[in-house]
Amino acid sequence: MPSIAKGSKVLVSGANGYIATWVVRTLLERGYLVRGTVRTQDKGQFMVDYFQKLGYGDKFEFVVVEDIAKVGQHAVRNLRHN
């Protein structure tokens, strides 16, 4: 049994990076919702468009975090942990 229930929202930091993009895709394929952090609005929109073309529509969202050391915790708002 997975430790994170299907349908849960998972945070992926640096979601537009090469490896992270594959992690996001795998999570979406396995039925999770994904919130990704990116450094710019343009990068986030690219990711939304990419995953919409793959059929994941509203299952991916992003938060712009220009500098995670300065921003605080807004990217993790409304995420649960066990």
Side-chain angles (χ1 to χ4, degrees):
M1 181 166 94
S3 60
I4 302 172
K6 276 190 178 178
S8 296
K9 190 175 289 184
V10 178
L11 177 70
V12 177
S13 179
N16 64 306
Y18 179 77
I19 293 171
T21 299
W22 284 101
V23 170
V24 170
R25 184 173 177 166
T26 300
L27 289 166
L28 292 170
E29 289 171 350
R30 294 183 182 185
Y32 296 95
L33 304 174
V34 178
R35 176 179 296 163
T37 67
V38 294
R39 291 187 180 219
T40 67
Q41 184 75 24
D42 290 343
K43 290 176 181 179
Q45 191 57 54
F46 174 84
M47 298 293 290
V48 167
D49 295 343
Y50 174 74
F51 289 118
Q52 282 180 344
K53 288 178 187 174
L54 294 177
Y56 297 109
D58 61 349
K59 297 189 183 329
F60 175 80
E61 63 183 38
F62 71 92
V63 177
V64 175
V65 179
E66 293 174 3
D67 183 348
I68 200 154
K70 293 181 182 177
V71 173
Q73 298 182 18
H74 79 276
V76 296
R77 194 173 298 143
N78 298 323
L79 294 175
R80 286 185 343 172
H81 60 53
N82 295 336

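The structure displayed is predicted, hence computed values, not measured ones. Just so you know, residue 1 is the first one in the sequence shown, and it goes up from there. When reading the values below, keep in mind they use all heavy atoms of this one structure, side chains included, and skip hydrogens, waters and symmetry mates.
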Kindly work out whether a path of hydrophobic side-chain contacts (I/L/V/M/F/W/Y, heavy atoms less than 4.5 Å apart) joins V23 to V34.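 Cluster IDs for V23 and V34 match.
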
Hey, any chance V12 and F46 share a hydrophobic cluster, counting ILVMFWY side chains that come within less than 4.5 Å of each other, even indirectly?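 Linked within one cluster.
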
Using the ring of each side chain (for Trp, its six-membered ring), is Y18 parallel, tilted or perpendicular to W22, with breaks at 30° and 60°?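 If you compare the ring of Y18 with that of W22, the planes turn out perpendicular.
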
Identify the heavy atoms of [X] and [Y] that sit nearest to each other, and give their distance.
X   : Y   : answer
V64 : T40 : CG2-C, 3.8 Å
T37 : G14 : OG1-N, 2.8 Å
S13 : A20 : O-CB, 4.2 Å
N16 : K43 : ND2-CD, 3.2 Å
V24 : F60 : CG1-CD1, 3.8 Å
R35 : K9  : NH2-NZ, 3.5 Å

Pairs meeting criterion side-chain hydrogen bond (donor to acceptor under 3.5 Å, both in side chains) with involvement of residues 50-60, two or more places apart: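 As it turns out, the side-chain hydrogen bond (donor to acceptor under 3.5 Å, both in side chains) pairs with a partner in residues 50-60, which skip direct neighbours, are R25-Y50.
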
Under 3.5 Å: donor-acceptor pair, side chain of T21, backbone of A15: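 Side chain of T21 to backbone of A15: a pair is present.
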
Using side chain to side chain contact (heavy atoms under 4.5 Å, CB included), reason through V48 and Q45 one step at a time and then give a plain yes or no. CA-CA 5 Å; V48 167; Q45 191 57 54; 3.8 Å; yes

